[in-house]
There are 2 protein chains.
Amino acid sequence: MPVNPAPRAYQIVLQAIEEDLRTEKLSVGDQLPGERALAEQHGISRASVRDAIRILDVMGIIKTSTGSGPNSGAVIVSNPSAGISQALRLHLAAKGINVREIVESRILLETWAAQMNPRDPIHAQQVIDRTAVLIMRMDDAQLSREAFHRIDAEFHVLLASMAGNAVVESMMESLRNSISDYVAASIPDDESWQPIVRVLRRQHKAIHHAFATNQRERAAQLLEEHINWFYSQTR
Amino acid sequence: MPVNPAPRAYQIVLQAIEEDLRTEKLSVGDQLPGERALAEQHGISRASVRDAIRILDVMGIIKTSTGSGPNSGAVIVSNPSAGISQALRLHLAAKGINVREIVESRILLETWAAQMNPRDPIHAQQVIDRTAVLIMRMDDAQLSREAFHRIDAEFHVLLASMAGNAVVESMMESLRNSISDYVAASIPDDESWQPIVRVLRRQHKAIHHAFATNQRERAAQLLEEHINWFYSQTR
DNA sequence: CGCATAGTATGGTCAGACCACACCTGAAAG
DNA sequence: CTTTCAGGTGTGGTCTGACCATACTATGCG
């Protein structure tokens, strides 16, 4: 019973591209050769090339679009959270992970990022300024729930970016994305949403104030309470 | 310039399967319908179905194999670290993230897991017993470097599993996987490896002892020193 | 009953075709 | 000269239909 190593054809292309990325023969902004060209180069069919392209796509390594010209085809981007989000989302659906674990992880990452000494003080100050703008935008009473959640997510990811760790930042964003549907579905009516959003606004302002006055530990504590409180409302 | 909503055909199948997973119409161990059947059900071609299957595959949701019978075709598994590992690995190659960030994240997760109150004390005790066995196996002087690294990885992931958080555990494993090639390449010769492995054995034993005697904070501190020291050797 | 054989369904791969789209070129219009 | 627009070209997206190796299943022979 010889267990086949099962060498998939698409891995030829995948490994070649990964190697080109590693050696910087390819980097962000570059265009990949066309699918037909890759197929001929590696002596495999276009269908197998497409398998590799699809993987790079869902992993957030490339962005594909039709048409011709410099901005068409497969272009290298760098969106680490795309692949992680998709993975978490699917495993959440498959019951491999649950909401408690995601919330717990989010608290871990966000409080860590809050207490971290910023790698780049200039960036940290920019974050504080930009989050202030987001807070103002979230004060708009006309804002739809979808828009609020979008800005809310940006607020949290921005704060986490202060730590200067792309892995943590991507995970944060991914954790947020993976349960966004769950959150939206668990607060169905607008009547129950209105009192919640008022509390969220207050909490955001308190968190921002703690950051602005450099009270990192307090900011972390407020973040933890904020996240825990919000998810306690989604039942 | 109307930005295309770009409705990809494979998303039809992907969303249908995700929904079936969410409602538990599909769960671990089940077989997916054949690709030809799915194509007909959703009115799309088999090629597009295969796109969705490929995504589920690389994300660690399913495992595919040829042949017929109950154990063939696409079977639901649950391997959250597969997709995350792949994503991290590719973005590491694409320079979207770097080794420092991965090591930093690993320390964050492992020290958190070490200090966490175990969700399941019985499992925690089993982990302590099993890690003891792993430590003994790593004492074998005949062990190849690859085998040592494999057991080493198992040791760390096991300890992290005590916290009872699948997200943290998967991320741990993924972080470890994503840089395993880097680690292997950065210590090329066996002469420099020998003194390193002796230190690693000592550190593992100290960490295990701290866990066994319930000195969680000390365990976390030793883990941090252990990880930092090891990566300081890989230059 | 035991076992070899043919049958069947699976995913993996390939080839070739057509489509919609975005850009590029160059001729026609101003 | 510039502007406009019509066609040409290359891209990924999709479909069809075919063949392969594999692994199980059923058949029928001994």
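Letters A, B, ... mirror the listed sequences (proteins, then strands); counts begin at 1.
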Residues which pass side-chain contact (heavy atoms from CB on, under 4.5 Å) with Ser105(A), listed by chain and number, not counting sequence neighbours = Leu175(A), Asn165(B), Val167(B), Val168(B)
Contacts of type side-chain contact (heavy atoms from CB on, under 4.5 Å), residue Ser48(B), not counting sequence neighbours | Ala9(B), Ile44(B), Ser45(B)
Close side-chain approach of Ile179(B) and Arg89(B), heavy atoms under 4.5 Å | no
Side-chain contact test, heavy atoms from C-beta onward, threshold under 4.5 Å: evaluate it for Leu21(A) versus Lys95(B) and give yes or no.
-> no
Can you list, pair by pair, the side-chain donor-acceptor contacts under 3.5 Å of residues 146-153 of chain A, counting residues two or more places apart and other chains?
{"unit_1": "His149(A)", "atom_1": "ND1", "unit_2": "Arg145(A)", "atom_2": "O", "d": "3.3"}
{"unit_1": "Asp152(A)", "atom_1": "OD1", "unit_2": "His156(A)", "atom_2": "NE2", "d": "3.3"}
{"unit_1": "Asp152(A)", "atom_1": "OD1", "unit_2": "His204(A)", "atom_2": "NE2", "d": "3.1"}
{"unit_1": "Asp152(A)", "atom_1": "OD2", "unit_2": "Arg176(A)", "atom_2": "NH2", "d": "3.3"}

Nucleotide dA23(D), atom C1' - distance to NZ of Lys63(B) in whole Å | 12 Å
Length of the CD-P vector between Gln31(A) and dA22(C), whole Å | 15 Å
Test item: side-chain donor near acceptor, Asn177(B) and Glu173(B), under 3.5 Å | no
Heavy-atom pair of closest approach, residues Glu101(A) and Gly164(B) = OE2-O, 3.6 Å
Per-nucleotide protein contact string for nucleotides 7-17 of chain C, where B marks a base within reach and S marks sugar-phosphate only (heavy atoms under 4.0 Å, - for neither) | --BBBBBBS-B
Provide the full list of salt bridge (Lys or Arg N to Asp or Glu O under 4.0 Å) pairs with a residue in residues 34-49 of chain A, sequence neighbours left out, each pair given once.
-> Glu35(A)-Arg46(A), Glu35(A)-Arg50(A)
Roughly how bent is the helix from dC1(C)-dG30(D) to dG30(C)-dC1(D) end to end, in steps of 10 degrees, with each end axis from five pairs?
-> 10°
